[in-house]
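Along the sequence shown, the residues carry numbers beginning at 1.
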Amino acid sequence: TGEDNDDESRSFTVYLPPNFCTDGTSSSLPLRILLAIHGFGGNSMQEIKKWQDVADSLDAIIIAPVGTETKTTGTHKLGWNAIDCCGDPVLNEIDDMDFVMNGVMEVFLNEVINSSSNSSSNSSNNSSSSMNSRWKNMQPHVIATGFSNGGFFTSLMGLSNDRPNWLVGVIP
């Protein structure tokens, strides 16, 4: 596996639908997460905007990771190591699978679980503690989707032998 150039940090964007913390009607449903992977040259905010209406209607979270910047050609486009495409992530053998599966999803899910267990002893009535108590007993169901370079990467996630049990579907 490769390493990121210049020790750059990686990030992701999270979107919570407006009624996520207040709507108790779906509390028996799994924690719905749409993992939206941008294409080469795209970005996480484009994915959030693209899927926002869907997330709102399903009361789902959107998590949109940010790809690695291609610097060698001077394009500065973000992309993913999807084996044959695209840019510096492939040339430098960036381990994007580890970044998305462990550095984004596992970190996010662990934070949810830890904050949920900590909120049970917190008597505060703010939206954060309401949200955490709602997540406490929910099984996460993640659907990954992407277009073009993001679609190639999404396909690799679905084909992975090490696919985690929270990944219940892929839509390249």
Side-chain angles (χ1 to χ4, degrees), residues 1 10-68 77-86 89-90 94-116 127-128 130-172:
T1 62
R10 304 286 301 269
S11 65
F12 59 97
T13 305
V14 176
Y15 172 79
L16 295 176
N19 294 325
F20 189 81
C21 298
T22 59
D23 182 15
T25 59
S26 60
S27 63
S28 63
L29 296 175
L31 176 61
R32 297 172 177 169
I33 299 173
L34 180 63
L35 179 60
I37 310 294
H38 64 76
F40 186 66
N43 63 59
S44 63
M45 287 310 297
Q46 289 171 330
E47 294 303 304
I48 298 290
K49 290 176 183 172
K50 183 188 311 180
W51 293 104
Q52 189 171 344
D53 289 342
V54 172
D56 290 349
S57 68
L58 296 174
D59 202 22
I61 295 170
I62 303 171
I63 298 177
V66 177
T68 299
K77 292 181 177 180
L78 298 171
W80 304 97
N81 182 354
I83 300 176
D84 292 329
C85 174
C86 294
V90 174
I94 303 298
D95 193 351
D96 283 322
M97 194 65 66
D98 180 62
F99 166 64
V100 171
M101 296 289 202
N102 298 310
V104 174
M105 292 307 303
E106 290 296 330
V107 167
F108 179 82
L109 294 172
N110 285 335
E111 191 63 33
V112 167
I113 290 166
N114 290 337
S115 64
S116 296
S127 64
S128 176
S130 299
M131 184 170 54
N132 292 342
S133 65
R134 180 174 178 202
W135 287 346
K136 187 175 183 180
N137 296 314
M138 287 186 164
Q139 178 67 30
H141 283 194
V142 179
I143 304 256
T145 187
F147 178 74
S148 190
N149 178 232
F152 300 151
F153 185 74
T154 300
S155 295
L156 291 175
M157 289 177 64
L159 294 170
S160 172
N161 289 332
D162 298 325
R163 186 177 55 253
N165 62 0
W166 46 254
L167 184 62
V168 297
V170 293
I171 306 171

What orientation do Phe153 and Trp80 show, parallel under 30°, tilted 30 to 60°, or perpendicular over 60°? parallel

Looking only at heavy atoms, which two atoms of [X] and [Y] are closest? And how far apart?
X	Y	result
Pro140	Leu109	CB-CD2, 3.7 Å
Pro89	Gly79	CG-O, 3.4 Å
Val100	Val104	O-CB, 3.4 Å

Separation of [Y] [atom2] from [X] [atom1] (nearest 0.5 Å):
X	Y	atom1	atom2	value
Leu35	Ile143	CG	CD1	10.5 Å
Phe152	Phe147	CZ	CZ	9.0 Å
Lys77	Asn149	NZ	CG	11.0 Å
Glu47	Phe12	CD	CZ	15.5 Å
Ile37	Met157	CD1	CE	5.5 Å

N/O donor-acceptor pair under 3.5 Å between [X] side chain and [Y] backbone:
X	Y	result
His38	Gln46	no
Ser160	Leu156	no
Arg10	Phe99	no
Thr145	Ile171	yes
Asn81	Asp96	no

I want to check something: taking the side chain as every heavy atom from C-beta on, are Trp166 and Met101 in contact at a cut-off of under 4.5 Å?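 Yes, side chains in contact.
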
For Ser44, give me all partners under side chain to side chain contact (heavy atoms under 4.5 Å, CB included), at least two apart in sequence or on another chain. Thr13, Ala64, Val66

Applying side-chain contact (heavy atoms from CB on, under 4.5 Å) between Pro17 and each of Asp56, Leu58, Ile62, report the one that passes.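 Exactly one pass, corresponding to Asp56.
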
Tell me the salt bridge (Lys or Arg N to Asp or Glu O under 4.0 Å) pairs involving residues 158-172, sequence neighbours left out?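 Listed by first then second residue: nothing to list.
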
Check the surroundings of atom OH in Tyr15: do more than 12 heavy atoms from other residues, nucleotides or ligands lie under 6.0 Å from it? yes

What residues, two or more places apart in sequence or in another chain, satisfy side-chain hydrogen bond (donor to acceptor under 3.5 Å, both in side chains) together with Asn102?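 With sequence neighbours excluded, Asn102 shows a side-chain hydrogen bond (donor to acceptor under 3.5 Å, both in side chains) to Asp98, given in chain and number order.
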
